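Reading through the C-alpha cells given below for one structure.
Remember, it's a predicted structure, so these values are computed and weren't measured experimentally. Heads up: numbering here begins at 1 and tracks the sequence.
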Amino acid sequence: FSSTQLTSVELPSTLTSIGSSAFEGTQLISVVIPEGVTSIGENAFYNTQLSGVDLPSTLTSIGDYAFANTPLTSVVIPEGITSIPNGGFAGSQLNSIELPSTLASIGIEAFARTQLTSVDLPSTLTSIADQAFSGSQLTSVLIPEGITSIADSAFSGTQLTSVELPSTLTSIDDFAFYRSELTSVELPTTLTSIGNAAFQNTQLTSVVIPESVTSIGGNAFADTPLTSVQLPNTLTSIADSTFRDTQLSDVELPSTLTSIAGGAFSGSQLTSVVIPEGVTSIGHFAFAQTPLTSVQLPSTLTSIDDFAF
C-alpha cells in the first residue's frame, strides 16, 4: 500500500506481522494493530498521517524508522520489547512515551527531533545510541545505573537544563550535550573521557572534572559562560579550543600536564596563569585574545607556537 492515498485500514485478527514500508507514504490517519502481531517492519508507517496507535502486547520487534515523520503524539511500548530501533519515532510529534521495563537499548535517532519534554528511562537500559534524543524538547533526564557511555550527539540540541548521570558512566562522547541548555552537571568519579565538543555551547557556569578523567576533547567546554573549572591531576594535555571563549578568569593547571594545544584558552577572561613544570609545548593561539597580564612559564618548555599569547 506504499505511497497510495489510503486513509484508513482494518487489519484482520489473523495478522502476525506488518512488513517493511507496508504503509509508507500513505495518508493513513489511524490504525488498530491487532493482538497477535509480533513484528512491525522498517518504515512500515513512515511519513504517514498517523496520529495515534495502540501497539499490541504480543509485539516483540519494531523496525527502523517504523513510525518516523508522523504526527504521532503518544505511544506505549509494550512489555517484551528490548530495543527501540534506529529512527523509530524520529521527526514525529511525540510528546509522551511509556517505555517497558524490558528495554535494554535505544537506537540511533530513535527519538530525534520529537516534542518529548521528559522521559522515564527504565533501570534495564544499558545503551543509548548516537543522536537518540538529538533535537528533541527534553528539559531533564535521569540516566539509569548501568549505562557506561553517552553516545555521540545523544542529547545535542535539546532543551536539557539538568541531567543526572549514573555512577557506572565511563565516557561522554563527542557532541553528547552540544547546544543543550545545561546549566550544571555533576560528573561521576568513574568517568575517564570527555569527547570533542561534549558540552560546547551549553550554559554551564562551573564544572568539577573528577580525578578519573584522563582525556578531554577539543572544544569540550568552548562557547560556554564557564567561570570555574577544577581540572584533575590525571590530565596530561589540554586539547584544541577546550576552554575557548569561556568566562574563565583563573585556572589551576595540574602538575601532570605536558601540553596545551592551540586555542585552548583563547578568548577566555584569564588574567594570569602559571604553566606547571612538565609542560613542553604551548600551541598557537592557546591564550590569544585574553586579558592576561602575567604568565609563569616552566623550565621544561621547548616550544611556543605562533600567536600563543
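One distance of note links OG of S266 with NE2 of H284; it measures 10.0 Å at 0.5 Å rounding. The CG atom of L187 sits 5.0 Å away from atom CD1 of I194, with the distance rounded to the nearest 0.5 Å. To the nearest 0.5 Å, atom CD1 of residue I18 and atom CZ of residue F45 are 4.0 Å apart. Distance check, rounded to the nearest 0.5 Å: CZ of R113 to OG of S92 gives 9.5 Å. Of the inter-residue distances, the one linking T158 atom OG1 with R179 atom CZ reads 12.5 Å to the nearest 0.5 angstrom. Note that CZ of F287 and CZ of F243 are 11.0 Å apart. Values are rounded to the nearest 0.5 Å.
Within the 3.5 Å criterion, the main-chain N or O of T205 finds a donor-acceptor partner in the side chain of T227. Listed for the S134 side chain is no donor-acceptor partner under 3.5 Å among the backbone atoms of A154. A donor-acceptor pair under 3.5 Å links the side-chain atoms of T102 to the main chain of G80, judged by distance alone. Counting only distance, with no hydrogens or angles, the side chain of E145 and the backbone of S123 share no donor-acceptor pair below 3.5 Å. Under a 3.5 Å cut-off, the side chain of S212 and the backbone N or O of T189 do form a donor-acceptor pair. The backbone N or O of A176 sits nowhere less than 3.5 Å from a side-chain atom of S156 that would complete a donor-acceptor pair. Without hydrogens or angle criteria, T190 side chain to S167 main chain gives a donor-acceptor distance under 3.5 Å. A donor-acceptor pair under 3.5 Å is absent between the side-chain atoms of E252 and the main chain of L231, judged by distance alone. Between the side chain of N196 and the main chain of G218, a donor-acceptor pair closer than 3.5 Å is present. One N or O on the side chain of T234 and one on the backbone of V213 form a donor-acceptor pair closer than 3.5 Å.
No more than 12 heavy-atom neighbours from other residues, nucleotides or ligands sit within 6.0 angstrom of CG on D120. Q289 CD: 12 or fewer foreign heavy atoms inside a 6.0 Å radius. Crowding of D54 atom CG: a count of heavy atoms from other residues, nucleotides or ligands under 6.0 Å not exceeding 12. Enclosure of atom CD in Q247 by more than 12 non-hydrogen atoms of other residues, nucleotides or ligands within 6.0 angstrom is indicated.
Between L121 and I143, some side-chain heavy-atom pair lies under the 4.5 Å cut-off. You'll find the side chain of V185 reaches within 4.5 Å of the side chain of V163, heavy atoms only. Side-chain contact between V53 and V75 is present, with at least one heavy-atom pair separated by less than 4.5 Å. In this structure, the side chains of L99 and V119 come closer than 4.5 Å at one or more pairs of heavy atoms. Considering only heavy atoms from C-beta on, L103 stays 4.5 Å or farther from T82 through its side chain. Between D250 and T271, every side-chain heavy-atom pair lies at or beyond the 4.5 Å cut-off. When side chains are defined from C-beta on, V31 does not count as touching T48, because their heavy atoms never get closer than 4.5 Å. Taking 4.5 Å as the limit, every side-chain heavy atom of T258 sits out of range of all side-chain heavy atoms of V279.
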For I40 and F67: C-alpha separation, side-chain torsions, deciding distance, then whether side chain to side chain contact (heavy atoms under 4.5 Å, CB included) applies. CA-CA 10 Å; I40 297 173; F67 296 96; 4.0 Å; yes
The test is side chain to side chain contact (heavy atoms under 4.5 Å, CB included); show your working for L138 and F111 and say whether it passes. CA-CA 10 Å; L138 278 184; F111 299 106; over 6 Å; no
Go through it in stages, so that I can follow the logic: the residues are N47 and T70, the test is side chain to side chain contact (heavy atoms under 4.5 Å, CB included), and I'd like the CA-CA distance, side-chain angles, deciding distance and then a yes or no. CA-CA 5 Å; N47 209 29; T70 63; over 6 Å; no
Using the side chain to side chain contact (heavy atoms under 4.5 Å, CB included) rule, take R244 and N219 through it: C-alpha gap first, then chi angles, then the decisive distance, then the call. CA-CA 7 Å; R244 174 182 53 78; N219 288 291; 2.8 Å; yes
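Note: the hydrophobic cluster containing F285 does not contain I304 (ILVMFWY, side chain heavy atoms under 4.5 Å, direct or indirect links). A continuous path of Ile, Leu, Val, Met, Phe, Trp and Tyr side chains, each step under 4.5 Å between heavy atoms, connects I106 with L165, placing both in one hydrophobic cluster. Note on F307: it does not cluster hydrophobically with L292, by side-chain heavy-atom contacts below 4.5 Å among ILVMFWY residues. In the hydrophobic clustering of this structure, Y65 does not group with I33; members are Ile, Leu, Val, Met, Phe, Trp, Tyr whose side-chain heavy atoms approach within less than 4.5 Å, directly or through other members. Under the 4.5 Å side-chain heavy-atom criterion for grouping Ile, Leu, Val, Met, Phe, Trp and Tyr, L94 is not connected to I29 through any hydrophobic cluster.
Checked by atom type, the side-chain pair S299/E277 shows a donor-acceptor distance below 3.5 Å. For the residue pair Q200 and D223, a side-chain donor N or O sits within less than 3.5 Å of a side-chain acceptor on the partner. S101 and E79 are linked by a side-chain donor-acceptor pair at a separation below 3.5 angstrom, with hydrogens and angles left out of the test.
Between P78 and L59 the shortest heavy-atom distance is CG-CB, 4.1 Å. Residues Y178 and A197 approach most closely at CB-O, 3.7 Å, considering heavy atoms. Looking at every heavy atom in both residues, P210 comes nearest to L191 through CG-CB, 4.4 Å. Between S228 and L248, the closest heavy-atom pair is N-CD2, 3.6 Å. The minimum heavy-atom distance between A151 and I128, with the atom names listed, is CB-O, 3.2 Å. For A44 against G19, the heavy-atom pair with the smallest separation is CB-O, 3.8 Å.
Relative orientation of the F177 and F155 rings is parallel, given thresholds of 30° and 60° on the angle between their planes.
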